[in-house]
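Predicted model only: the values in this text are computed from it and were never measured.
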Amino acid sequence: MATTETSHTDLVNALARAGFGMPVEAARHLVSVALAPGDLRRVASACAESPDPDLAIGQLCRWIAMTGAVPGAGMLSRLAMVLGVSTSLGAFLARRPDAAEILREARSIEGPKSESTLRTSALRTIGRAEDPTAAIRVWKRREFLRIACRDLAGQASVEEVGRELAHLAEAALHAALASL
């Protein structure tokens, strides 16, 4: 028992040194998903690099618990970055954990999508859906997740992010009108 208490205390102290404001809570999140020691270090490190480590670790551990998997290094970093700034995207990924797949490949955030590409994608999404309203909502949030990650990763200028958000809104509106 003393070994377990010592290792928990060591984890809390390591998290405090890594910049977590609530290291006891962060340790609770990590322990709750029963990560292997190597995965525990990777998850804690990725979250420590995010804008808000405490927010990131709670949301990322919830996602890991839901999916049963710790993503590879690149996706882990991208997820921690986004989940360390947005409770809204964290809630979205809690409802739709599979939506994080858009962050698996680095190339998905390398460049912007044009208005026509987004419009085609939105129309294709509603064309396959039983419930076009729900489908466009999920599609829009998934694209927003991608754009947010591009922004946070420094892959896009403020102007580029603004332009892509405007294109996203136009494509969603176009698809919504088409579904009527």
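In summary, the side chains of S114 and S116 do present a donor paired with an acceptor at a separation below 3.5 Å, with no hydrogens or angles considered.
Ion pair E110/R107 not flagged as a salt bridge, since none of the NZ, NE, NH1 or NH2 atoms sits closer than 4.0 Å to an Asp/Glu carboxylate oxygen. One finds a salt bridge joining R104 and E101 here, because a Lys/Arg side-chain nitrogen approaches an Asp/Glu carboxylate oxygen to under 4.0 Å.
In this structure a side-chain-to-backbone donor-acceptor pair under 3.5 Å is present from T67 to W63. A donor-acceptor pair under 3.5 Å is absent between the side-chain atoms of R119 and the main chain of A171, judged by distance alone. Judged by distance alone, with hydrogens and angles left aside, the side-chain atoms of S50 form a donor-acceptor pair with the main-chain N or O of C47 at under 3.5 Å.
For K113, the NZ atom sits in a packed shell: over 12 heavy atoms of surrounding residues, nucleotides or ligands are nearer than 6.0 Å. Counting non-hydrogen atoms of other residues, nucleotides and ligands closer than 6.0 Å to CD of E115 gives a total above 12.
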Enumerate, atom names and distances included, each donor-acceptor pair closer than 3.5 Å involving a side-chain atom of residues 23-37, sequence neighbours excluded.
{"unit_1": "E25", "atom_1": "OE2", "unit_2": "R28", "atom_2": "NE", "d": "3.3"}
{"unit_1": "E25", "atom_1": "OE2", "unit_2": "R28", "atom_2": "NH2", "d": "2.3"}
{"unit_1": "S32", "atom_1": "OG", "unit_2": "H29", "atom_2": "O", "d": "2.7"}

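With sequence neighbours excluded, the residues satisfying side chain to side chain contact (heavy atoms under 4.5 Å, CB included) with L55 are D52, Q59, T87.
For the side chain to side chain contact (heavy atoms under 4.5 Å, CB included) with L103, the lone residue among L79, L93, L76 that qualifies is L79.
Between R141 and S88, some side-chain heavy-atom pair lies under the 4.5 Å cut-off.
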